[in-house]
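See structure below.
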Amino acid sequence: MKRKFTWLCLLLATVVSVSAVPAVKANAQENNYSYIYDYWGDVQNCPTPYYVSRVLTYKELGLEKNLKNPESIYVHGNELYLCDTGNNRILVYEVDEKHNFKLIKEITKVKGVEPAELNAPADVAVSEDGDIFIADKGNARVLKVDRNLNYIHHFEKPEDQTLDEQVVFQPSRLVIDTAERLYCTSTGINKGLIKYEEDGTFSGFIGATPVSYNFMDYLFKKFATQEQRARMVSFVPTEYANIYMDPKGFIYALPDKIQDEDLDSEKIQAIRKLNMLGNDILVRNGEYPVYGDLYWGNAAGISGASIFTDVTVLDNEVYICLDRNRCRLFGYDDQGKLVFVMGGNGNIDGYFRQPTSIEHMGQELFVLDNKDNAITLFTPTEFGSLVYRAMDQFDAGLYDESKASWEQVMKLDGSYTLAYIGIGRALLRQENYKEAMKYFEVKYDAVNYSKAFQQYRKEWISENIGWIIAVILVLFLVPFGIGRYKKIKHEIATADIFKR
Amino acid sequence: MFDALKKKETYRKYFKSLKFAFYCMTHPLDGFWDLTHEKRGTYAAATTILVLGVFVRILKLKYTSFVFLSVYWEDLNILMYVASIVFPLMLWVVGNWATTTLFDGKGRLGQVYMGTCYALLPYTVIQIPVMIASNFVTIEEGQFISVLDVISLVYCALLIVAAMGQIHEFSLAKNLVFTVFSLAAVMIMIFLLLLFFSMISQGVAYFVSIGRELLFRM
């Protein structure tokens, strides 16, 4: 009896393990390092577009003291500014082509203003002339200093009647435009970006997110008592978590604390591209919304939508968003189509625990991890640089070369969506419509397919116009002729003259 | 039974009744009255129209331009797909008969089936040209395709309502009321079926778990 029981156990164990294997396999496929979503929203693994060329902790950065809660990095030319927020300092590195970091400056205080010491600097920006803007969060001010750290002027809490006086000004992220106007975000201020003129005067808020609420909440609030209302969430615009100014002067802004439902119903966009008026002009021609991962179910304890904390825009208008939730990088092209997804949560190189900031130098990416206190340097792989090259060639009007590059991409990944569409678009420019249609059809690109087809149809009609007219004539004239013939015959047969 | 298949007369009647469907399509009130009262319809023709409709629906998946209809073939089960069309129709037929027969409806179950099937002809007639045309238009011109798509369905629905009115000899108001009743009957049947199958599966699961328990203890 006992033996039988053991055998049964063994048998059961085998059955369980065998049936468990496919489940594990399916999961592993979901968790691959880099992938894209195809037309159907299925995960398609793709070659990794970036590899980790360096990971820099405080030792590699040449520091004595470990970084403490670093909030952001900023790249200006070949200089990397690292805000070591918890240690109240800003570190400036010079990065050469061999990825060597040389510490050239350590900013802990400025000259000519009281208090001189920085207190929790959260972000930094540098103008064309070399003036440095520092979001001195702990001192409730944004400092403008010249390259030798001499105080020029500073920006204070905006004087606005609608602003609660209790709110402490905590500038957290800032960008400057070419005219040195300053745009910044501040914790607790949700009216949009705070905009200052070049001389330091506050000039208004721009780009507040649209307010979202659902009807039931609204109705409930109508009938709620004063105390109940106070305890409920108020319908206010959300703050911005981060902003980035692209080379053309558009601000990419990432709303903070978005509810998953609002994201799902597209009431609030995960990323907005603001023009001068503060309107969202981001192109969203992709198959799926620009909000990171499509599947929000619980996996390994992480659930919910992607939470973008930072974005950087490359020169070819590919923008790369950093997801704090699943620690992934999402690259989108200028049409809002997914270029790649990579990364993940973990301790291995190329994975993150709490990424907070992303910057680029050329095509290389720097990602700052707040928990690891480290900067990861990503360099494009063959695949990544081929994709970028193909895009650049297309933008420069080199359609033959672009097509060749995309074909090389296809050799590395035969199901890469953008490669098919890229080849199709190049063929479209070369007026090879029939071939272009084939490529678009494979990836279900209805809009481009229609463009190609319209031209193809036009060509076909003008080539075969003779035949088309002939067929129409035959179709209409023959029955008409027959009818006519029968009528005349009938008239003759019934005509009076022949009736004698 | 098969003797009838050898007679020429059978085929003539079949094709005549099939052709009559076109008359029903263009003259619904007159046509559906004659369909049952003058016995101008046949079950063979009715089934043919139903099968044609389902067949066209399947053809559409493959031959409509991907611009207007893209199909995720990996997930498509053709039997389930056919069932998802035929099953609701059959529910409608049963539901309609079950409600109307209690309130002076003159139609029998077979006649309701025949009328419903005959009313599906516009779908085939409109969808085939639309399917072919979809391959020759761009996405901007696609408005016509979607409008015709809707028209074909609305046309069928109106014909079904008209057919029921004529078959049961109902006035317009009574007909509309019983259309709503029939739909409610369909809902109730779906509810009961769901209940039934979930009960059955629970019951089976119960005995399976007893069996498993016994195996564990042996």
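Residue numbering restarts at 1 for every chain, and letters A, B, ... go by the order of the sequence lines. Only heavy atoms go into these numbers, but all of them, side chains included; no hydrogens, no water, no symmetry mates.
Contacts between D75(B) and chain A at a heavy-atom distance below 4.5 Å are absent for every atom of the residue. Proximity to chain A (any heavy atom under 4.5 Å) is shown, for Y72(B), by both the backbone and the side chain. Only the side chain of D42(A) comes within less than 4.5 Å of a heavy atom in chain B; its backbone stays farther off. Using a 4.5 Å cut-off between heavy atoms, E141(B) contacts chain A through its side chain alone, with no backbone atom that close.
For CZ of F22(B), the number of neighbouring non-hydrogen atoms (other residues, nucleotides, ligands) closer than 6.0 Å is 12 at most. Within 6.0 Å of atom CZ in F181(B), 12 or fewer heavy atoms from other residues, nucleotides or ligands are found, so the atom counts as exposed in its surroundings.
Remark: K434(A) fails to qualify as a cation-pi partner of Y456(A) under the 6.0 Å distance and 45° angle criteria applied to the six-membered ring.
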| task | Given salt bridge (charged side-chain N to carboxylate O under 4.0 Å, His left out), test E407(A) with K403(A) step by step and report yes or no. | result | CA-CA 6 Å; E407(A) 271 158 4; K403(A) 185 167 159 261; 3.7 Å; yes
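Between chain B and the residues W40(A), Y449(A), F453(A), the largest count of heavy-atom pairs under 4.5 Å involves W40(A).
In this structure, E441(A) does not pair ionically with K438(A), as no charged nitrogen and carboxylate oxygen lie closer than 4.0 Å.
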